[in-house]
Amino acid sequence: MALADENRTRRVLGAIAGGVAGMAAMSIAFALLEVETRYEVGIFAGIARFVMVPGNLALGFLVFVLFGAIVWPLLFVFVEEHIPGGPDPGRRGLAFATVLWVLFMLTAAGNVTGATLLIYATLTLVGHLAYGFILGAVYGHVRPDFSLAEVRERRNPR
Amino acid sequence: MWLYLLGLLGAAFVLIAAGLALRGGGGSRIAADGGLLADRGSSYGKAFGLSRWLTTVDHKDIGLLYIALGVVAGLWGGVDAMMIRTELATPPTDVWDTRTYNELFTTHGITMLFLFVTPVFTGIANYFIPLLVDADDMAFPRINAIAFWLLPPSLVFIRAGLVTEVLAKVLEAFGVVVEALFALEPPGIGWTLYTPMSIEALNPQIDVFLLGLHLSGIATTIGAINIIVTIFTERGEEVGWENLDILSWALLTMSGLILFSFPVLGSVLVMLLMDRNFGTTFFLAEGGGALLYQHLFWFFGHPEVYVIVLPAFGLISFMLPRLVGRRLFGFKFLVYSTLAIGVLSFGVWAHHMFATGMDPRIRGSFMAVSIAIAVPSAVKVFNWIATLWYSRIRLSAPAIFLLGGIAVFIVGGVTGVFLASVPVDMVFHGTYYVVGHFHLILMGIIPFTMFAASYYWYPLLTGRMYDPRLARIQAVLTVVGGFVAFVPMLVVGADGLPRRYAQYPPEYALLNQVSTLGAYLIGAGVVLWVYNVFQSLRVGPEVEDADVWNLKETGQFSREWQWFERRLEQRRGEPSDDD
């Protein structure tokens, strides 16, 4: 993205709105999953490791939310053109979030092993994909220089 | 506990106040008129945004609300299932402890039966029955809304153990510790709630759970009455009993079954609550006994099986001929077989109790009826196969789901005929064979037809087309996943592996891992479906021609599509407000 772009403000705000919405969805999903899986999955401990403050769950979660709501969306705006899956930012968001998930798994999984790792990886991947999709979709919705019609023409009925 | 109840009451008041405020703000006051719409036939102004969905009495909106609630519950129950299969991926109890495992299979069963399948089918009934029988709306639009709005609280009650714990954890993070919120734990007594365990278990959540279940039963019964009255009294001039469509027949029969079986569930739940809290002795050994409980429960429980599969049978019979371009073979016999299943389903309940030591003569009669009920189900399968004969099979996603579903159902159904026989059941009762049998039926028939229906009617529901390639991938993945997940259960069950245990001997590890792989395949399919639904809502091409499935060619362009065509024409008359 060229920084002199006249739509810069709306693009940045759109991405942050997407990040907030995505984080809201992912946080609720993670909180439910954490309880549903009876703390075996340890998502919040993993999140704390992910943001480099192992052991401090509250601070870890706060940093995680800030990253998800602001830092990753801004990064997304900057690298969007280079992400595969376009022109639909929703699909690009999926690819973007998959990369984030790989980073998450490398840092957050910690000593989770065996069958627990299976469900841990699956559920966090689904959470990240939801985050990426919502981020991209909201961003595309707010962005003034993007039209869904362009994407629609690429798909044929039936 | 009191603080918790007080909190619930407060939340209810806030919701009511918000609703009243929204109603006042919308400026659309409707006078009390005994549940009839004030001016039928004319279009009435709908509110916008959130208040539209909170105040709607339109059958289509309520249908969508039902389906949305059902999908949420289905995803939740699906996570339960994934957790069960994760635990069973290895022989020892190493992911979750046995107590959590017990809670998982209890909540999985209850959520899927009462909060996923029934609401989704009621939603489909709400959306399509008025369109199919040419009615303006359901017979009682406002009772319809009440029936739906009883369900969200019952979902919260049934799953309260987890919901309160999330709330407690959030409050704890802010430094407020509410002990009462931690007291409710998910019940781990099996979905059948057998006495005396369900009476003796101390967990207070079981009482909340029973109340939630009772509430969902009331909601279901109200919905069923509405469906029956609509089909009997609201049919248009051109719709007589002789040309009523097959789906409406199935939903009518389902509603009849609900009407006769759910009150029994309601009674048994109240008796159980009284036994737990007020010292009554309905189900104690000296009173009625645990057997009384089982009789009452299964008198409801077996018709319930048909409550959830009859609409699915109806959907297959409805969609299959339209998707393969040939008229339904033996329409009349499909209706008769539906009605026959409806009647016979009340005479088979004791086959769940063959192992309880009942009088052999009673067992014999129930065995005969249980085998007999396979006949109308087989009639349906033969009719579907005959419909496919010389048809033009196009492998669209819904068609793959229906064909795969029929195949899975045949395996599940035939294994059920064996189970109906008392000596076989004595051996297999309580093994994975039973789990494999009913999951093959339930999976093949219910979610597969729901997925098929979601694709078949997606253009009608949203005005857009779904992504067909992704849908076909999802269909194949899910059908394969269904076989891979549940056929190994037949094998380990026939070998004698008992169900409902978190651990098992290591020699069963491989087959259990295959099962787990299947469950994850199904899960992947569900993720693809969710993505397809939301992504196509955004970018799916708009439907221009209402005849999406070439139904006019074979004269099967039924009333719901005709309605859709009229709506498209109306839209075209107005400037497009899209983009």
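What you see is a predicted model, and the numbers here were worked out from it, not measured in a lab. Computed over heavy atoms, backbone and side chain alike; hydrogens, waters and symmetry mates excluded. Chain letters run A, B, ... following the sequence lines, proteins first and then strands; every chain starts at 1.
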- Between B/R538 and A/G90, which heavy-atom pair has the shortest distance, and what is it? NH1-CA, 3.9 Å
Which bit of [X] comes within less than 4.5 Å of chain A, counting heavy atoms only: side chain, backbone, both or neither?
{"X": "B/V527", "result": "side chain"}
{"X": "B/R159", "result": "side chain"}
{"X": "B/P186", "result": "side chain"}

- Query: Which bit of A/A130 comes within less than 4.5 Å of chain B, counting heavy atoms only: side chain, backbone, both or neither?
  - Reply: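 Contact with chain B involves no heavy atom of A/A130 at all.
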Take atom [atom1] of [X] as the centre, draw a 6.0 Å sphere, and report whether it contains more than 12 heavy atoms from other residues, nucleotides or ligands.
{"X": "B/R322", "atom1": "CZ", "result": "yes"}
{"X": "A/F67", "atom1": "CZ", "result": "no"}
{"X": "B/Y501", "atom1": "OH", "result": "no"}

- For chain A, which residues of residues 92-104 of chain B have heavy atoms nearer than 4.5 angstrom: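 Those residues of residues 92-104 of chain B which have a heavy atom under 4.5 Å from chain A are B/V95, B/W96, B/T100, B/E103, B/L104.
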- Message: I want to check something: taking the side chain as every heavy atom from C-beta on, are A/D88 and B/Q535 in contact at a cut-off of under 4.5 Å?
- Response: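 Touching, per the 4.5 Å side-chain cut-off.
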- Message: Are A/L123 and B/M82 packed together at the side-chain level, in the sense that at least one heavy-atom pair is separated by less than 4.5 angstrom?
- Response: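 A side-chain contact under 4.5 Å is absent here.
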- Under 6.0 Å between the ring centres of A/F133 and B/Y531?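 Yes; B/Y531 has its ring centre under 6.0 Å from that of A/F133.
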- Name the member of A/L94, A/L118, A/T116 that forms the most heavy-atom pairs with chain B at distances under 4.5 Å. A/L118
- For chain A, which of B/V166, B/L88, B/V163 has the most heavy-atom pairs under 4.5 Å?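 If we count pairs closer than 4.5 Å to chain A, B/V166 comes out on top.
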